[in-house]
Q: 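Dropping the structure in here first, questions after.
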Amino acid sequence: MAYKISAVAILLTLVGFFYFGSTPKITEKAFNKVPSHQKWNALLQKNVNTNGDVNYKAFVKNKAELEAYLKLLQDNSPAKNWSKNDKLAYYINLYNAGTVKLIVDNYPVKSIKDIKSPWDKEVVAISNKMYSLGYVEHKVLRKMNEPRIHFAINCASYSCPKLVNKAFLADSMDAQLKSAAINFIADKKRNVITPNKVELSEIFKWFKSDFTENTTLISFINKYSATQVKDGAKVKYIDYNWSLNEAK
């Protein structure tokens, strides 16, 4: 029996390694200082317009400032004494800044998908360990029971929710996430909402389980849409445009 248990344990370990990779889980300290996101806010104000178009050429020139902000996050990782909103602000800003850093490191590119396995690369540091953007999104942010994060994080692409040119902050988190949801759903370039038919971003298809955990997809849309959709309305998904969200 002991042999069988050991064999199963080894098998599960191997499966976990190949499925999740060797990236370790994030271990929170009991206490840590909440970092300021002012450096990131300043970079966004300078290099991203109100439409969410990103001046990557300018970010290349400001690479040292971007790296300084990411180092600040690395040195002040989330701790158990932080509020949920503190952690949301940290991980949303980390994801967005890490995505910009990934583009900057590989610039020029026409799409983030021109980079090999962009969401599997370990590109951001938390404490003394490196993590991928995919890990931050799927293993951290999506576990925080806040589906609106999908309107806050940006994947450097035209069809993504726009990169807001202000850092996300704990004190205004709910208002910022609500605004992001309203603006994304109302954006006719990404969603077309009518009472009887909706054409939605594929984000609603890929992460449907996040949006429908306690409700239906239509009910979720109606919570943030000026146009109310009828139950039973036809749902179609719009093909995703992965072109770089670069300022022209």
Side-chain angles (χ1 to χ4, degrees), residues 11-27 40 43-44 47-48 52-57 59-60 62-64 66-67 69-71 73-74 77-78 87-88 90-144 146-147 149-163 168 184 190 201-210 237-247:
L11 178 60
L12 289 174
T13 300
L14 291 173
V15 169
F17 177 84
F18 288 111
Y19 186 78
F20 295 114
S22 58
T23 305
K25 291 184 178 181
I26 297 170
T27 301
W40 178 230
L43 284 168
L44 290 169
N47 299 323
V48 182
D53 301 318
V54 183
N55 187 340
Y56 287 106
K57 291 180 181 178
F59 261 117
V60 170
N62 299 145
K63 185 176 180 179
L66 177 60
E67 289 178 338
Y69 172 67
L70 288 169
K71 185 65 167 61
L73 296 187
Q74 178 185 356
S77 59
K87 293 177 183 180
L88 280 169
Y90 179 97
Y91 286 115
I92 290 171
N93 292 327
L94 175 69
Y95 185 96
N96 288 339
T99 298
V100 171
K101 175 69 162 49
L102 178 65
I103 298 298
V104 165
D105 286 345
N106 292 275
Y107 194 82
V109 291
K110 294 182 178 180
S111 168
I112 191 171
K113 296 187 103 178
D114 291 341
I115 303 168
K116 185 178 179 181
S117 303
W119 295 287
D120 295 329
K121 290 181 180 295
E122 294 183 344
V123 296
V124 292
I126 301 172
S127 190
N128 61 346
K129 297 182 178 66
M130 297 296 294
Y131 297 88
S132 68
L133 295 172
Y135 188 95
V136 173
E137 179 179 9
H138 300 294
K139 300 300 179 184
V140 182
L141 282 167
R142 291 184 65 198
K143 303 290 186 181
M144 296 183 71
E146 178 48 85
I149 59 101
H150 293 296
F151 311 126
I153 58 176
N154 178 268
C155 62
S157 303
Y158 179 81
S159 286
C160 290
K162 70 179 183 181
L163 179 61
F168 280 83
F184 181 70
R190 295 166 176 85
S201 164
E202 285 189 294
I203 286 175
F204 289 106
K205 178 181 179 181
W206 298 331
F207 305 111
K208 186 176 181 179
S209 62
D210 293 0
Y237 295 100
I238 301 170
D239 290 340
Y240 218 73
N241 183 347
W242 289 100
S243 300
L244 193 68
N245 60 338
E246 184 167 22

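We use all heavy atoms of the structure for the numbers below, so side chains are in, but hydrogens, waters and symmetry mates are not. Bear in mind that the values here come from a model prediction, so they are computed numbers and not experimental data.
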Q: In chain order, what residues pass the side-chain hydrogen bond (donor to acceptor under 3.5 Å, both in side chains) check against Lys162, with sequence neighbours excluded?
A: none

Q: Passes side-chain contact (heavy atoms from CB on, under 4.5 Å), Tyr131 versus Lys139? Steps please.
A: CA-CA 11 Å; Tyr131 297 88; Lys139 300 300 179 184; over 6 Å; no

Q: How would you list, by chain and number, every residue that makes a salt bridge (charged side-chain N to carboxylate O under 4.0 Å, His left out) with Lys113, sequence neighbours excluded?
A: none

Q: Can you name the residues that form a side-chain contact (heavy atoms from CB on, under 4.5 Å) with Glu246, not counting sequence neighbours?
A: Tyr56, Lys57, Tyr107, Leu244

Q: Could I get the full list of ring pair (Phe, Tyr, Trp, His ring centres under 6.0 Å) partners for Phe204, not counting sequence neighbours?
A: Phe151, Phe211

Q: Show your reasoning for whether side-chain contact (heavy atoms from CB on, under 4.5 Å) applies to Ile149 and Met144.
A: CA-CA 9 Å; Ile149 59 101; Met144 296 183 71; over 6 Å; no

Q: Within the side chain of Asp210, is there an N or O that forms a donor-acceptor pair under 3.5 Å with the backbone of Pro147?
A: no

Q: Could I get the full list of side-chain contact (heavy atoms from CB on, under 4.5 Å) partners for Asn106, not counting sequence neighbours?
A: Leu102, Val109, Ile115

Q: Under the criterion side-chain contact (heavy atoms from CB on, under 4.5 Å), I'd like the reasoning laid out for Leu163 against Thr99: C-alpha separation, chi angles, the key distance, then a yes or no.
A: CA-CA 11 Å; Leu163 179 61; Thr99 298; over 6 Å; no

Q: Using the side-chain hydrogen bond (donor to acceptor under 3.5 Å, both in side chains) criterion, which residues pair with Glu146? Sequence neighbours excluded.
A: Arg148

Q: Apply ring pair (Phe, Tyr, Trp, His ring centres under 6.0 Å) to Tyr237 and list each qualifying residue two or more places apart in sequence or on a separate chain.
A: none

Q: Can you name the ring pair (Phe, Tyr, Trp, His ring centres under 6.0 Å) partners of Phe59, sequence neighbours left out?
A: none

Q: State which residues pass side-chain contact (heavy atoms from CB on, under 4.5 Å) with Ser77; sequence neighbours excluded, sorted by chain then number.
A: Asn32, Tyr90, Ile126, Ser127

Q: Looking at Phe168, is its backbone amide N or carbonyl O close enough to the side chain of Asn93 to form a donor-acceptor pair, meaning the two atoms are under 3.5 Å apart?
A: yes

Q: Could you name each residue pair satisfying salt bridge (charged side-chain N to carboxylate O under 4.0 Å, His left out) that touches residues 93-103, not counting sequence neighbours?
A: Glu67-Lys101, Lys101-Asp105

Q: So, the side chain of Ser157 versus the backbone of Cys155: is there a donor-acceptor pair under 3.5 Å, distance only?
A: yes

Q: Going by the rule side-chain hydrogen bond (donor to acceptor under 3.5 Å, both in side chains), which residues pair with Tyr91 if we only count those two or more places apart in sequence or in a different chain?
A: none

Q: Taking the six-membered ring of Tyr158, is NZ or CZ of Arg190 closer than 6.0 Å to its centre and within 45° of its axis?
A: yes

Q: Does atom NZ of Lys63 have more than 12 heavy-atom neighbours from other groups under 6.0 Å away?
A: yes

Q: Sequence neighbours left out, what passes salt bridge (charged side-chain N to carboxylate O under 4.0 Å, His left out) with Asp53? Give chain and number order.
A: none

